[in-house]
Amino acid sequence: MPRARFFLPILRDNPKEAEILSHRLMLRAGMVRQEAAGIYSWLPLGLRVLRRIEAIVREEMDRAGAIEVLMPTLQLADLWRESGRYDAYGPEMLRITDRHKRELLYGPTNEEMITAIARSGVRSYRDLPKTLYQIQWKFRDEQRPRFGVMRGREFLMKDAYSFDVDEAGAKLSYNRMFVAYLRTFARMGLTAIPMRAETGPIGGDLSHEFIVLAETGESAVYVDRDVLSLPIPAEDVDYAGDLSSIVEQWTTLYAATEDVHDAARFERETPAEKRVATRGIEVGQVFFFGAKYTEPMKMLIAGPDGADRPAQCGSYGIGVSRLLGALIEASHDEAGIIWPKSVAPFDAALLNLKVGDAATDAACFKIEHQLTAAGVEVLYDESDGRPGEKFARADLIGLPTQIIVGPKGLASGTVEVKDRRTGARETVSVDSAIGRFAGFTDAKRRGLLREGRS
RNA sequence: CGGGGUAUAGCGCAGUCUGGUAGCGCGGAAGUUUUGGGUACUUCAGGUCGCAGGUUCGAAUCCUGCUGCCCCGACCA
């Protein structure tokens, strides 16, 4: 993609409203544009990352056996009256009236609607378990949105809901989502740690928040250092099998947010040299809540004994748009963003240092066309500017690989390949620069681009 | 929702106190120059000064009301 054809409104200066680093970088790199407090347009570069994150989330949900649906953003108030939440939810819920004076709301979450959907299609224990999910925009009218997409009012969320006959089954569904989350975040190059979370009135131990460690996180967290190096379940993990050992492994060592932090217990269970106190960004949560909605909404399941009982449910969220911010917080340097290969908006930046020079133009043309034909997504900077600007821009938007082509190198038949993460530069032939992407597309398609876990 | 700010060109700002018809830097366009880490210079374009009302011969500037946005706190995927 020639940069001139793309839409990439890069800002040279920091916008004043952007306080935290990820927000500044997103605005500077032309990824988003604020339209109102906590509401953003997604510009092409940001949208590409959003789509790649979605793709990973979708693949891992599907792998774990969840089934995708898509529910509307607008919901009828009456649906929420069934569960009693219409009046309970408060001013965070955006309420709308249509021309017929019908009361609607912009969904902040979808337990009611998914329960209504499941209720209409599931009658017997034979139909369960089922886990349904969607990736859809939500709206929560936060009193004070901030931190860019990390805490917007409108945000893209993956929300999954499991339905089981009994609590034992629900625990299995919970574990499947738990394991899928470990894989999902790891594939994005993130170390997201499941931490004990408040379970509210339901109680029990079946709620975890997945937290990415970052100094700029919203909440203080306390973890055992050893959690950071626990193994991620492999691609061929058996979701039909017993996953409890994996969950146990990840939930035994101490890891808690400030809300539930128990300092005495932390000191008792974790040796001083392994205690890490830092801050974190919540990127996902898994939660078992039993019959909280199925009971009032009468989603009753006939069991093997013929008796009806409410389905046992859990919900599982991932803040998809928030992940953009979390990824940048976790992976950047002074020059800009450093995208993990798995979510980068383009796979490589091609920098033509001297537009108009016949040899340079020809080499760039060849590289762009051969890589594009091989399925490697290339952003080609063929602008008529100084090399310094191109380097600065390429570093800012953070594509994993830069292919730098100029007359000096071409005089000896070489170009430079720079790794954005390590900064390592190699001088190689044009063909070799192209050749090093052999197998890349296949790895990308299969979701095998893993590096940069931070 | 309490408290505090702010609104002037695409972005960042000055001008407001003391009323006289808007300016700087960056960015953009044209050109000269330069050419491997944001080159220098010249010229040009670009603004209903957030909105509404008021005071005045005259309002970015003074007064009143409203709105947007930002920051701190409480709240939150």
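Here is the naming used below: chain letters follow the sequence lines, and residue numbers restart at 1 for every chain.
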Ranking A:V149 and A:Q402 by the position along RNA chain B of their nearest nucleotide, the one closer to 5' is A:Q402
Per nearest nucleotide of RNA chain B, the residue lying toward the 5' end, A:G152 or A:P15, is A:P15
Look at the side chain of [X] and decide which nucleotide, out of [options], has an atom nearest to it.
X: A:R146; options: B:U34, B:G36, B:C71; result: B:C71
X: A:E282; options: B:G37, B:C11, B:A77; result: B:A77
X: A:R151; options: B:G38, B:C76, B:C70; result: B:C76
X: A:F391; options: B:C70, B:G37, B:C1; result: B:G37
X: A:R140; options: B:C70, B:C72, B:C76; result: B:C76
X: A:K418; options: B:G37, B:C76, B:U39; result: B:G37
X: A:L353; options: B:C75, B:G37, B:G36; result: B:G36

I want to check one thing: is the phosphate of [N], taken as OP1 and OP2, less than 4.0 Å away from some side-chain N or O of [X]?
X: A:R386; N: B:U35; value: no
X: A:R144; N: B:C1; value: no
X: A:K408; N: B:G36; value: yes
X: A:Q34; N: B:G68; value: no

Which of A:R386, A:K354, A:R3 passes salt bridge (Lys or Arg N to Asp or Glu O under 4.0 Å) with A:D381? Answer is A:R3
Can you measure [X] atom [atom1] to [N] atom [atom2] for me and round it to whole angstrom units?
X: A:M195; N: B:A77; atom1: CE; atom2: P; result: 16 Å
X: A:D384; N: B:G28; atom1: CG; atom2: C1'; result: 15 Å
X: A:F185; N: B:A77; atom1: CZ; atom2: P; result: 14 Å

Could you tell me whether the side chain of [X] and the main chain of [Y] form a donor-acceptor pair under 3.5 Å?
X: A:R420; Y: A:G398; value: no
X: A:Q134; Y: A:D159; value: no
X: A:S331; Y: A:L327; value: no

Does the structure show a Watson-Crick or G-U wobble partner for [N], both distances under 3.5 Å? Name it, or say none.
N: B:U67; result: B:A7
N: B:G73; result: B:C1
N: B:A29; result: B:U43

Separation between the [atom1] atoms of [N] and [M], rounded to whole Å:
N: B:G53; M: B:C71; atom1: P; value: 32 Å
N: B:A59; M: B:C17; atom1: P; value: 14 Å
N: B:U61; M: B:C70; atom1: C1'; value: 23 Å
N: B:G15; M: B:A7; atom1: C1'; value: 15 Å

**Message:** Check for me: is A:F155 stacked on B:A77 by the 5.5 Å centroid and 30° plane-angle rule?
**Reply:** yes
